[in-house]
Number of protein chains: 2
Amino acid sequence: MRKIFLDNNSTTALDPRVLQAVVEELQAPPANPSSTHWFGMRAKERLRKAREECAAFFQVPPEEILFTSSGTESINLMLRGLSRKGHLVTTEIEHAAVEETVRGLEKEGMSVTWLSVGSFGAPLPESIEAALRADTQAIVLSLAGGETGVRIDLEAIAALAEKKKIPLLLDGVAYIGREKFSLFPAMQAIAVSGHKFHAPKGVGILVHRKDFPIAPLLTGGGQEYRLRSGTENLPGIVGMARALQILGEKQEEIRQKILHLRLHFEKELTRALPDLLINGEGPRISNTSNIAFSGVDGETLLIQLDLAGIAASHGSACSSGALEPSRILLRMGLERKRCRSSVRFSFARTNTKEEVDRSLEIIVRLVKDLR
Amino acid sequence: MRKIFLDNNSTTALDPRVLQAVVEELQAPPANPSSTHWFGMRAKERLRKAREECAAFFQVPPEEILFTSSGTESINLMLRGLSRKGHLVTTEIEHAAVEETVRGLEKEGMSVTWLSVGSFGAPLPESIEAALRADTQAIVLSLAGGETGVRIDLEAIAALAEKKKIPLLLDGVAYIGREKFSLFPAMQAIAVSGHKFHAPKGVGILVHRKDFPIAPLLTGGGQEYRLRSGTENLPGIVGMARALQILGEKQEEIRQKILHLRLHFEKELTRALPDLLINGEGPRISNTSNIAFSGVDGETLLIQLDLAGIAASHGSACSSGALEPSRILLRMGLERKRCRSSVRFSFARTNTKEEVDRSLEIIVRLVKDLR
């Protein structure tokens with residue numbers, strides 16, 4: 001039985017073209033980009049090229065691309081340089097990497113407004129505006145929530161941040177690879193993770209605009225413009241650059257493909273199970289359906305799905321070991337019972353219509369059995 | 001012309017068996033070890049197995065293996081949890097990752113003794129003992145210096161640390177893969193880097209004994225026993241575990257092979273150029289020769305060697321972009337002229353006797369020409 005992976009917000013399959021780029025670099029002569037001999041120069045040139053490819057995708061100069069080891073590291077780097085004396089606006093529904101890190105800053109003295117987002121699933125521009133203070137030093141948001149897929153109204157929020165001259169710091173981990181990326185002037189930092197868009201694990205980017213201060217987390221040899229010491233993960237970086245190149249060439253086409261799969265999934269599922277509820281009322285990115293099946297225990301459904309060869313989840317993989325309902329759904333004010341009956345399906349361009357159809361059949365059967 | 005890589009202290013070629021393990025994992029189904037479905041369980045099991053393989057090499061329980069993104073991250077993690085109120089003993093000749101990080105701690109209030117090591121090249125147990133105070137919280141040393149290869153007297157220093165009940169925190173980056181690893185009770189943390197022993201870049205380990213406190217640098221999903229958040233770089237980890245397995249099976253054989261190459265190199269070079277001087281008088285690890293060619297400008301020799309297809313360096317790659325003589329050699333009290341005329345050759349098990357012989361011929365000719 002061929003298994004079906006509908007948990008693409010936790011990680012994605014490596015693209016074969018990315019694999020080829022990674023393997024090519026893994027097999028290259030010994031490569032430390034800091035060395036001055038031929039071997040080092042080749043590595044340095046490859047790093048430069050990869051940085052340019054990533055910079056082109058994000059429409060920034062190459063020196064504003066900072067390579068890290070993960071989305072989590074990018075997020076920590078984006079946040080830990082902020083002053084502990086100022087104020088910060090974020091929401092109650094951020095990924096653990098943002099939430100835990102901001103809680104740490106809060107303990108060190110930072111003043112934080114944790115916005116509620118309600119069942120809509122994303123903060124409204126007016127509630128952000130209302131939370132701003134004279135000492136607000138940053139607005140920290142995810143471009144889209146990984147659990148529901150609800151996206152922020154980026155255009156309006158970026159305009160607000162620009163007008164108020166407050167840096168907008170973004171967790172782009174769940175967004176890149178699902179929606180077209182656009183750069184707005186207020187966006188001072190964007191954290192992304194390679195393995196969420198078919199690049200390898202172990203590599204991420206912090207896009208940081210030149211006026212935004214970064215405090216290094218790792219000190220040493222002074223790599224990455226003295227902002228992130230440690231020998232560069234060149235095979236991972238080369239792979240991520242290739243993945244962004246592939247994505248950049250057809251962002252809209254990829255989005256459309258994923259969106260069609262998801263809309264087909266939701267339409268057919270709703271037809272078979274008319275009482276299902278979709279969590280997150282706001283506009284969503286292309287790939288995520290977080291669905292409440294009333295009268296069904298989500299955990300049991302997930303286990304049954306797993307036995308039937310279908311991988312879904314009840315939220316962020318980071319906390320999916322816990323048997324608790326998703327803290328994000330709870331904080332959106334949804335009833336505990338509804339949260340308990342919810343399952344997240346997240347699609348990718350590697351999924352096929354056949355997979356979706358087979359999944360639909362199995363999900364409908366299992367939900368009916370469990371009721 | 002086949003190029004010869006004699007700069008294996010900067011990085012090493014990937015072992016083909018390691019490549020195979022990495023590629024296998026890169027091609028595996030989507031893998032986030034935190035996910036609870038079949039895909040996640042497979043990844044989690046692979047991670048567990050890799051951790052056990054690494055633990056076996058270092059003779060510690062699996063939960064004392066912490067996977068990081070580099071030697072630099074391991075060193076930062078090992079040091080940044082120390083109290084700023086206590087005292088620390090280290091040396092003037094540590095790698096930038098130790099030196100810069102300790103300087104940061106010093107600025108935050110920590111009291112630090114920077115030991116001189118002189119032309120010997122490593123701190124003597126008696127000078128460490130003399131530096132200890134009632135509030136000394138750690139002794140921070142490299143098992144071997146990457147620039148000269150001089151190793152510490154581990155047995156004596158570990159005994160001293162144990163007697164005084166002071167944790168010994170070790171930078172093992174230049175040591176692992178060149179000498180047999182032995183664990184002593186005082187060793188509370190050991191930082192290592194995969195790409196220095198034929199594993200990929202982008203992955204490292206901090207071995208940390210259970211009583212040694214670690215303050216997380218990256219907060220978020222709580223991976224790695226809540227000590228290092230971020231989705232695990234599974235292909236890199238699997239590759240590093242394989243590299244340690246290969247190494248563990250024949251540490252002595254590998255050491256002997258490298259040592260023979262290096263001794264042959266030094267014997268023949270001394271025969272042809274009797275006035276050369278080896279930097280670092282103390283006992284060295286198997287693979288490093290840091291040599292002063294009097295009357296020759298080291299930088300010019302390096303460039304000529306590079307043109308002739310031989311990669312060597314004048315010290316740590318991290319600072320080798322600079323045209324300054326090695327700060328390590330200067331701090332060993334060697335004359336500036338001698339430092340300027342010095343070149344580091346570092347061997348690996350991937351080098352051959354034929355490569356060494358061809359290098360000898362070229363080096364001797366170039367040195368004679370330059371004089």
Side-chain angles (χ1 to χ4, degrees), chain A residues 3 5 7-8 10-14 19 22-23 26-27 29-32 34-40 69-73 75-76 95-97 100-101 104 193 195 200-203 217-223 229-236 302 306 311-313 316-321, chain B residues 3 5 7-8 10-14 19 22-23 26-27 29-32 34-40 69-73 75-76 95-97 100-101 104 193 195 200-203 217-223 229-236 302 306 311-313 316-321:
Chain A
K3 293 186 180 289
F5 190 69
D7 190 20
N8 289 283
S10 74
T11 192
T12 57
L14 200 70
L19 177 69
V22 173
V23 170
L26 284 170
Q27 292 181 308
N32 186 330
S34 298
S35 298
T36 50
H37 44 58
W38 177 88
F39 294 82
S69 67
S70 65
T72 293
E73 184 185 342
I75 287 169
N76 274 262
H95 183 271
E100 294 296 318
T101 307
S193 167
H195 76 103
K201 274 172 275 291
V203 67
L217 295 176
L218 303 179
T219 48
Q223 286 87 347
S229 291
T231 302
E232 300 87 346
N233 174 2
L234 197 53
L302 279 174
D306 191 22
S313 78
S316 166
C318 293
S319 39
S320 69
Chain B
K3 292 185 182 288
F5 190 69
D7 190 19
N8 289 283
S10 74
T11 191
T12 57
L14 199 70
L19 176 68
V22 173
V23 170
L26 284 169
Q27 290 181 310
N32 187 329
S34 297
S35 299
T36 50
H37 43 59
W38 177 88
F39 294 82
S69 67
S70 64
T72 294
E73 184 185 342
I75 287 170
N76 274 262
H95 183 270
E100 294 297 318
T101 307
S193 166
H195 75 103
K201 274 173 275 290
V203 67
L217 294 177
L218 304 179
T219 48
Q223 286 87 347
S229 291
T231 301
E232 301 86 346
N233 174 3
L234 197 53
L302 279 174
D306 191 21
S313 78
S316 166
C318 293
S319 39
S320 69

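Protein chains get the first letters and strands the later ones, always in sequence-line order, with residue 1 at the start of each.
- Residue contact with chain A, scored on non-hydrogen atoms closer than 4.5 Å, involves the backbone and the side chain of S229(B) alike.
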- Task: Let me see the working for N76(B) and T219(A) under side-chain contact (heavy atoms from CB on, under 4.5 Å), right down to the final yes or no.
- Result: CA-CA 7 Å; N76(B) 274 262; T219(A) 48; 3.2 Å; yes
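- With a 4.5 Å cut-off on non-hydrogen atoms, N233(A) touches chain B through its backbone and its side chain both.
- By number of non-hydrogen pairs under 4.5 angstrom with chain B, the leading residue of A312(A), P235(A), A311(A) is A311(A).
- The choice from S70(B), S193(B), S69(B), A31(B) that makes the most heavy-atom pairs within less than 4.5 Å of chain A is A31(B).
- For F5(B), the parts lying near chain A are the backbone and the side chain together; criterion is any non-hydrogen pair under 4.5 Å.
- By number of non-hydrogen pairs under 4.5 angstrom with chain B, the leading residue of E100(A), K201(A), E232(A), H195(A) is K201(A).
- Contacts of L217(B) with chain A are made by both backbone and side-chain atoms, with heavy-atom separations under 4.5 Å.
- Interface residue D306(B): only side-chain heavy atoms are found under 4.5 Å from chain A.
- Remark: E73(A) CD to E73(B) CD distance equals 6.0 Å, nearest 0.5 Å.
- Distance check: L26(A) CG to L26(B) CG gives 7.0 Å after rounding to the nearest 0.5 Å.
- Chain B forms the most heavy-atom pairs under 4.5 Å with one residue out of G236(A), G40(A), G230(A), and that residue is G230(A).
- Contact of V203(B) with chain A is not made at all, since no heavy-atom distance falls under 4.5 Å.
- Interface remark: of the candidates G104(A), P200(A), G202(A), P29(A), G202(A) forms the most heavy-atom pairs closer than 4.5 Å to chain B.
- In terms of heavy-atom pairs under 4.5 angstrom with chain B, the leader among L19(A), T12(A), I75(A), L218(A) is L218(A).
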- Query: So S35(A) and D7(B), side-chain contact (heavy atoms from CB on, under 4.5 Å) or not? Walk me through it.
  - Reply: CA-CA 9 Å; S35(A) 298; D7(B) 190 19; 3.7 Å; yes
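- Atoms CG and CG, from N8(A) and N32(B) in turn, are 11.5 Å apart once rounded to the nearest 0.5 Å.
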